[in-house]
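I have placed the structure first, in the form of C-alpha cells, so that the comments after it can refer back to it.
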Protein chains: 2
Amino acid sequence: MEAEQPGFSRCNNATLRRTARRLGRFYDDALAPSGLKGTQFGLLFQISVGSEPAMGAIAEALIMDLSALGHTLKPLVRDGYVETFPDKDDRRIKRVKLTPSGQAKLDEAIKLWSLAQRQFEDRIGAERAAKLRATLDEVAALDLEMPTAAPSR
Amino acid sequence: MEAEQPGFSRCNNATLRRTARRLGRFYDDALAPSGLKGTQFGLLFQISVGSEPAMGAIAEALIMDLSALGHTLKPLVRDGYVETFPDKDDRRIKRVKLTPSGQAKLDEAIKLWSLAQRQFEDRIGAERAAKLRATLDEVAALDLEMPTAAPSR
DNA sequence: CGTTGAAAGTGGCATATGCCACTAATTGGA
DNA sequence: TCCAATTAGTGGCATATGCCACTTTCAACG
C-alpha cells in the first residue's frame, strides 16, 4: 500500500540483497525436505566439484571470507557431511571433502534443487535466467575499489 | 587457479548470493567511514522515505522476515538512529522513525553511498545497472511457489 | 457482549557473513 | 641457518536473516 515507488530503490546493493532474500527463501523451501539450506547446498556442491579443495580455494570460488567459510562449514562437519584433513605438502592448508553421507545428501538435495531451479526458470525464462547469471558473474568479477580508499598501496 | 569454470554455477540462488557478498563488501567498505553497514543504510533509507512506517510495512517493502527486521533494527535503536512508537489507533502496530541523529547519519552515509554507486556504475555502465536492478526487482516480485509443496492450502 | 480467529510483534535458537587479532607453517633472503 | 614477511586458518565478536512458539490486540460473528 505504501512505499511502492516503481523503482523501489536505486541502490544496486540493496536491490541485490532484497532479491537474494526472496530467492533464498524459495530455494530454502525447496531444499527443506533434505534438511539443507541453499547456502549449504551450494557449499557441498562446490566441494564436490573440486578436487578435495583447500579452504582458501573454496572461499575464493564462492567469494566468501575465509573465516566465514570456516563458520559455515561447521554444521556440515558436525552433521558428518564433510570432513577436513591437512594437505600432505603444506600443513597450513586444510583440505575439504564430502563424506559418503555428504555425497548422498548432496544427491538427494540436487533432486530438490532441480525442481526449484526449473520452477524458477519456467517463470522468468531460462534464457533470461542465464543472462541474469552471466551479468551477476560479471559483476562479481569486477575489481571494485573506492578510488579515495586506496590511493597508493 | 583452480575451479574457474566459465559458468561458475548454474544455480540462480548461489550466483545471486555470491554476487551479493561481493557487492555487499564493496558498499560496506564505502560506507565504513559512517559506521553503517550497507544493510543498515538501506534500512534507514527505507524508513526515511516512508511516513513513519510500521514494522510490517518495512518488512514487506524489503522482502524481509518481520522478526529479522526486528533484530536488524536493534543496533540502530541502541545507537539512537531510530525510535519506535505504537500506532495511535492500533496498539499492535509499531511504527518506526528516524531520530534527528539518524537523519544526520543517513545524510552523511548518502554521500558515501553515492561514491560507491557511481564507482560501480562507471564500471558496469549505468544502463546495465538499471537493467540489472529492473530484472532483480522483477524476480523479487515473482510469486514463486513449489507446485508439489503447496498442492491445496 | 464473549468467543474465535487473524494480525503484528517479540524472543529464542540456528545459520550466514565479515572483520580483527592471533597462531602455525612456509618461503625468501642475508 | 636464522629471522622477517607471507600465507592459511581459527576464535571471538557483531550484524544479518529465518523459523517457530508465544503474547497482545483487533476485528468479526453469533
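Just so we're clear, the structure is a prediction, and the values are computed from it rather than from any experiment. Naming: A, B, ... by sequence-line order, numbering from 1 per chain.
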Sequence-distant partners of B:Ala116, side chain to side chain contact (heavy atoms under 4.5 Å, CB included), two or more places apart: A:Met146, B:Phe26, B:Tyr27, B:Ala30
Do B:Lys94 and B:Phe85 meet the cation-pi criteria used here (NZ or CZ under 6.0 Å from the six-membered ring centre, within 45° of the axis)? no
For atom [atom1] of [X] and atom [atom2] of [N], their distance in whole Å:
X       : N     : atom1 : atom2 : result
A:Arg95 : D:dG9 : CZ    : C1'   : 14 Å
B:Asp87 : C:dA8 : CG    : C1'   : 11 Å
A:Phe85 : D:dA8 : CZ    : P     : 16 Å

Pairing of A:Arg118 and A:Glu121 as salt bridge, 4.0 angstrom limit: no
Answer yes or no: is there an ion pair linking A:Asp137 with B:Arg18, defined by an N-O contact shorter than 4.0 Å? yes
Name each donor-acceptor pair under 3.5 Å that joins a side chain in residues 32-40 of chain A to protein atoms two or more places apart or in another chain, with its distance.
from    : atom 1 : to      : atom 2 : distance (Å)
A:Ser34 : OG     : A:Leu31 : O      : 2.7
A:Ser34 : OG     : A:Leu36 : N      : 3.1
A:Gln40 : OE1    : A:Lys37 : N      : 3.0

So the salt bridge (Lys or Arg N to Asp or Glu O under 4.0 Å) pairs with at least one residue in residues 22-35 of chain B (sequence neighbours excluded) are none
No-hydrogen, no-angle side-chain donor-acceptor test under 3.5 Å, A:Gln117 and B:Asn13: no
Show each protein N/O and nucleotides 24-28 of chain C N/O combination with a separation under 3.5 Å, one pair to a line.
from   : atom 1 : to      : atom 2 : distance (Å)
C:dT26 : OP1    : A:Arg91 : N      : 3.0
C:dT26 : OP2    : A:Arg91 : NH2    : 3.4
C:dT26 : O4'    : A:Arg92 : NE     : 3.4
C:dT26 : O4'    : A:Arg92 : NH1    : 3.4
C:dT26 : O4'    : A:Arg92 : NH2    : 3.3

Summarise protein proximity over nucleotides 10-20 of chain D in one line of letters, 5' to 3': B for base, S for sugar-phosphate only, - for none, counting protein heavy atoms closer than 4.0 Å. BBBB-SSBBBB
Pair up each side-chain donor or acceptor in residues 62-71 of chain A with any protein partner under 3.5 Å, not counting sequence neighbours, and list the distances.
from    : atom 1 : to      : atom 2 : distance (Å)
A:Asp65 : OD2    : A:Ser67 : N      : 2.8
A:Asp65 : OD2    : A:Ser67 : OG     : 2.6
A:Asp65 : OD2    : A:Ala68 : N      : 3.3

